[in-house]
Visitor: 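The following block contains the structure, expressed as structure tokens.
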Amino acid sequence: MISCIMLHKKTLLCAATSVALLFGSCASAQAAVVASLKPLGFIASAITDGVTDTQVLLPDGASEHDYSLRPSDIKRLQSADLVVWIGPEMEAFMHKPVTQFASQKQIALAELSAVKPLLMKGSDADEHDDHEHHHDSGKRDEDHHHGEYNMHLWLSPEVARLSAVAIHEKLVELMPQSKAKLDANLQHFEAQLAAADKQLTSTLAPLKGKGYFVFHDAYGYFEKHYGLTPLGHFTVNPEIQPGAQRLHDIRTQLVEQKAVCVFAEPQFRPAVIEAVARGTQVRMGTLDPLGTAIKLGPDSYTQFLTQLSDQYSSCLKGD
Ligand SMILES: [Zn+2]
């Protein structure tokens, strides 16, 4: 009956706030689970289905690398029962507010002991000599340092499963009265994921060896898992334009016909990608690393993986 008391308290709080503010969403003050990024919301919403609400902090179209929390985001984080995020090396913008939380109120996925051994090195080391992007501020360098590892963990089906397990475990602690439903949700998630993984493995197998460039260095976990073979990326951070030397190198590889595709992203279609591919046989595709158009729900994470797989194969397969 703890949940009824909690709900009642929050409803009262919500009513009081809405009288004071005359606007604003009561639902956002009641979010039980707040995920930093949409794909983490996909995983969390599968586990919370029919039990409690999951919300996503980062708005569609925003970059996971450069976001500033609004006052309403801070409120949402503070009122959440559980915050799910990658960790300060990905969502630097959350570091400060989250340090104020008790550890039982948050899960930093990169810090899970089961996840740590699976971390892949990032490939930004080779870009540290690419100084052209540093013109816009010194502040960015300190706000946005890239760590040693690739932190796009949601693109790993293995890490996704471990994340679901960790979210399930934490929610069973927080709401033991819902254990049966939470257990069933985890079981459903794992079964769906295993089926999608099998499907993707066979869809993507014939694409092994096809060369391509991605826009930003996000896809390493997915590519490694499914045996895809990228030639490289334009940039580590989609907010930072690649330097002239890198563009020249990419262009050289495209011209030499080593690449079949270059992939842009829905919110980043910089003219440089088109310019670099112009006059070559290289096809242009789009990869969406955040699943922008997909709605949260029990099967949303596998929809997200399937969409990404379709985006790879429709461009790489060609005609
Ligand atoms: Zn990224």
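Remember, it's 1-based here, ligands and their atoms both numbered in the order they're listed. Starting from 1, each residue takes its place in the sequence as its number. Just so it is clear, the model here is predicted, and its values are computed rather than measured. The figures that follow rest on heavy atoms only: side chains count, while hydrogens, waters and symmetry mates do not.
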Visitor: Looking at Val56, is its backbone amide N or carbonyl O close enough to the side chain of Lys38 to form a donor-acceptor pair, meaning the two atoms are under 3.5 Å apart?
Guide: no

Visitor: Among Tyr226, Tyr219, Tyr221, which one satisfies side-chain contact (heavy atoms from CB on, under 4.5 Å) with Glu223?
Guide: Tyr219

Visitor: Going by the rule side-chain hydrogen bond (donor to acceptor under 3.5 Å, both in side chains), which residues pair with Gln78 if we only count those two or more places apart in sequence or in a different chain?
Guide: none

Visitor: Around the Zn ion (ligand 1), how many protein N/O/S atoms fall inside 2.8 Å?
Guide: 4

Visitor: Is the closest side-chain heavy-atom distance between Val83 and Ser36 below 4.5 Å?
Guide: no

Visitor: For Lys224, what residues pass the salt bridge (Lys or Arg N to Asp or Glu O under 4.0 Å) criterion, not counting sequence neighbours?
Guide: none

Visitor: Can you run down the side chain to side chain donor-acceptor pair (under 3.5 Å) pairs that involve residues 300-309, sequence neighbours left out, and say none if there aren't any?
Guide: none

